[in-house]
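Here's the structure we're looking at; comments come further down.
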Protein chains: 2
Amino acid sequence: MKLQTPRRTQAERTRASREKITQAAIEFFAQQGFRGAKMADIAKAANLTEPGLLHHFPSKTRLLMEVLKERDRIDTERMRATLQKNGNHFLEACIELVEHNETVPGLVQLFTLLVAEGISQDHPAHAFFTQRYQREREHMAQVIRQAQEANEVRSDIPAETLVVLIFAMMDGLQVQWLLEPEKINMSRVFRVLMDILKVEGG
Amino acid sequence: MKLQTPRRTQAERTRASREKITQAAIEFFAQQGFRGAKMADIAKAANLTEPGLLHHFPSKTRLLMEVLKERDRIDTERMRATLQKNGNHFLEACIELVEHNETVPGLVQLFTLLVAEGISQDHPAHAFFTQRYQREREHMAQVIRQAQEANEVRSDIPAETLVVLIFAMMDGLQVQWLLEPEKINMSRVFRVLMDILKVEGG
DNA sequence: GTCTATACCCTGATAGAC
DNA sequence: GTCTATCAGGGTATAGAC
């Protein structure tokens with residue numbers, strides 16, 4: 001009887017290659033942005049040559065978009081899970097998200113730099129980020145409304161305003177934190193805002 | 001007697017050229033970032049060829065830094081003037097600054113994109129932005145302390161925390177506003193935060 | 001102060017062998 | 001699936017004429 005070798009199948013090797021490319025791409029897009037990152041560097045970091053990389057992702061733009069969509073999928077998944085888990089503690093859930101972000105500076109930098117690049121309408125990720133903010137604002141506004149009805153969040157500010165405010169605080173803190181991680185305690189400052197948004201004496 | 005011609009002096013022409021280059025540089029650095037902007041485009045927009053531009057600014061990096069320092073000088077000047085003018089109304093002064101920013105989207109985009117690029121330690125503007133935040137946080141913390149003593153701003157949050165919070169809100173709102181200027185009313189949302197930071201019943 | 005011409009490097013992508 | 005070789009194009013900066 002033929003022993004089953006531990007050798008990986010082709011499909012497994014493909015998956016492993018794509019995974020290494022994705023990791024390397026996150027690193028370089030985060031550091032240099034889409035325009036500054038070089039395919040050769042990403043390939044090298046994934047132990048490949050450039051044509052080797054292009055076999056898996058047929059262009060730089062496609063690589064960017066697939067990395068972005070994959071990370072977005074994982075992150076919004078986590079966000080929704082966290083919000084649901086702490087269903088009756090919306091503000092605590094937000095803090096938990098910020099605290100998690102403190103453990104993945106590379107990913108935070110990826111989104112901070114790429115969304116800034118993406119403001120330009122001719123950037124390949126422009127539509128992606130516009131839609132992402134629209135979608136997440138809508139979703140989170142609903143959650144906030146529930147928290148207001150549950151008397152957890154102050155109701156003198158409309159939910160639509162609170163979403164913009166909370167996302168802005170997250171994004172803005174990330175900039176100062178990424179510039180000086182030792183100096184800025186992101187979650188501590190964020191917690192101050194969350195305290196203010198509690199119902200009085202909550 | 002020889003009539004004095006209206007012809008501009010050399011010094012005046014130099015100044016005019018540099019001014020046009022600076023304006024064009026702001027535009028392209030804001031849209032494409034430092035890494036994405038092309039010297040040829042900037043030169044063309046200033047009605048020059050590339051060597052013509054390089055006669056005034058000897059390298060792309062030098063051009064970036066001089067544009068940044070010039071704008072920084074003007075902007076912090078304005079910020080300080082506004083803060084002093086409304087000396088006893090710190091929160092109103094902040095709103096006035098945000099309202100002014102709404103009239104200069106190009107400059108806002110310049111700083112939003114370049115600070116994101118500048119997070120990378122190997123970016124030519126990295127030190128510039130780190131120092132800029134340190135300096136402005138220190139200055140504004142002092143102003144906040146005065147506003148707290150004047151019983152205008154709530155004193156249950158340390159001034160050092162409030163600075164980080166306020167700058168973060170400004171930066172974060174700019175991202176959403178630049179992505180969708182029609183949808184996001186930056187100064188209106190910002191005003192909500194300022195209201196919260198007032199002394200109770202102030 | 002501005003131009004033409006050009007050197008020189010980098011970059012994304014393709015062709016085709018293994 | 002990954003490589004070598006290579007192309008076409010674009011990028012900053014310099015040399016030197018006017």
Side-chain angles (χ1 to χ4, degrees), chain A residues 5-29 31-68 114 117 120 122-125, chain B residues 5-25 27-29 31-68 113-114 117 120 122-125:
Chain A
T5 67
R7 184 172 292 141
R8 295 185 293 181
T9 66
Q10 243 188 32
E12 280 168 341
R13 262 186 293 127
T14 295
R15 239 185 110 278
S17 271
R18 288 179 62 99
E19 181 58 29
K20 274 207 286 188
I21 293 169
T22 301
Q23 285 307 317
I26 288 172
E27 189 179 320
F28 282 96
F29 285 148
Q31 281 292 319
Q32 321 277 355
F34 174 67
R35 292 179 169 122
K38 289 167 274 190
M39 291 295 268
D41 286 344
I42 297 171
K44 198 175 175 186
N47 277 100
L48 282 173
T49 58
E50 219 183 311
L53 190 169
L54 287 165
H55 171 76
H56 296 279
F57 300 89
S59 78
K60 192 184 180 183
T61 300
R62 287 283 298 273
L63 174 58
L64 172 72
M65 294 314 293
E66 296 204 28
V67 164
L68 237 32
L114 288 181
E117 276 189 335
S120 295
D122 62 353
H123 192 280
Chain B
T5 66
R7 184 172 292 135
R8 294 186 293 181
T9 66
Q10 243 189 32
E12 279 168 343
R13 263 187 291 125
T14 295
R15 239 184 110 278
S17 270
R18 288 179 64 100
E19 182 58 28
K20 273 207 286 190
I21 293 169
T22 302
Q23 285 306 317
E27 190 179 318
F28 282 97
F29 284 147
Q31 280 294 319
Q32 321 277 355
F34 174 67
R35 292 179 170 120
K38 289 168 273 189
M39 291 295 268
D41 287 344
I42 297 172
K44 198 176 175 185
N47 279 100
L48 282 174
T49 58
E50 219 184 312
L53 191 168
L54 287 166
H55 171 74
H56 296 280
F57 299 89
S59 79
K60 191 184 181 185
T61 299
R62 287 284 297 273
L63 174 58
L64 172 72
M65 293 314 293
E66 296 205 28
V67 165
L68 236 34
L113 177 47
L114 287 181
E117 276 189 334
S120 295
D122 61 354
H123 192 281

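The figures that follow rest on heavy atoms only: side chains count, while hydrogens, waters and symmetry mates do not.
Between A/Thr49 and D/dT2 there is no side-chain polar atom (N or O) within less than 4.0 angstrom of OP1 or OP2. Taking side-chain N and O atoms only, A/His55 has no distance below 4.0 Å to OP1 or OP2 of D/dC3.
For the pair B/Lys60 and B/Phe34, the cation-pi criterion (under 6.0 Å, within 45° of the ring axis) is fulfilled.
Following rounding to the nearest Å, A/Phe57 (CZ) and D/dT2 (C1') show an atom-to-atom distance of 15 Å. We find that NZ of B/Lys44 is positioned 12 Å from P of D/dG11, with the value rounded to whole Å. Rounded to an integer number of Å, the gap from A/Arg35 CZ to C/dG12 P is 13 Å. The distance between atom CZ of B/Phe29 and atom P of D/dT12, rounded to the nearest whole Å, is 9 Å. Following rounding to the nearest Å, B/Leu53 (CG) and D/dT14 (P) show an atom-to-atom distance of 13 Å. Straight-line distance from the NZ atom of B/Lys60 to the P atom of D/dT12: 5 Å, rounded to whole Å. One can place CZ of B/Phe34 at 9 Å from P of D/dT12, the figure rounded to the nearest angstrom. Atom pair A/Leu54:CG and D/dT6:P shows a separation of 19 Å (rounding to whole Å applied).
With the nearest nucleotide of DNA chain C identified for both A/Glu50 and B/Glu50, B/Glu50 has the one nearer the 5' end.
Among the nucleotides D/dA13, C/dT4, C/dA13, the one closest to any side-chain atom of A/Ser59 is C/dA13. Of the candidate nucleotides C/dT2, C/dG12, D/dT12, C/dT2 has the atom lying nearest to any side-chain atom of B/Leu48. Ranking C/dT14, C/dA13, C/dC3 by closeness to the A/Pro51 side chain, first place goes to C/dT14. Residue A/Lys38 has its side chain nearest to C/dT11 when only C/dC3, D/dT4, C/dT11 are considered.
At the heavy-atom level, B/Ala11 lies nowhere under 4.0 Å from the strands shown. The residue B/Ala46 sits apart from the nucleic acid: no heavy atom pair falls under 4.0 Å.
Using a 4.5 Å heavy-atom threshold, the side chains of A/Ile21 and A/Val67 count as separate. Side chains of B/Leu64 and B/His123 form a contact here, defined as non-hydrogen atoms less than 4.5 Å apart.
A salt bridge does not link A/Lys44 to A/Glu50: none of the charged side-chain nitrogens sits closer than 4.0 Å to a carboxylate oxygen. The pair B/Glu19-B/Arg15 does not meet the salt-bridge criterion, since no charged nitrogen lies less than 4.0 angstrom from a carboxylate oxygen.
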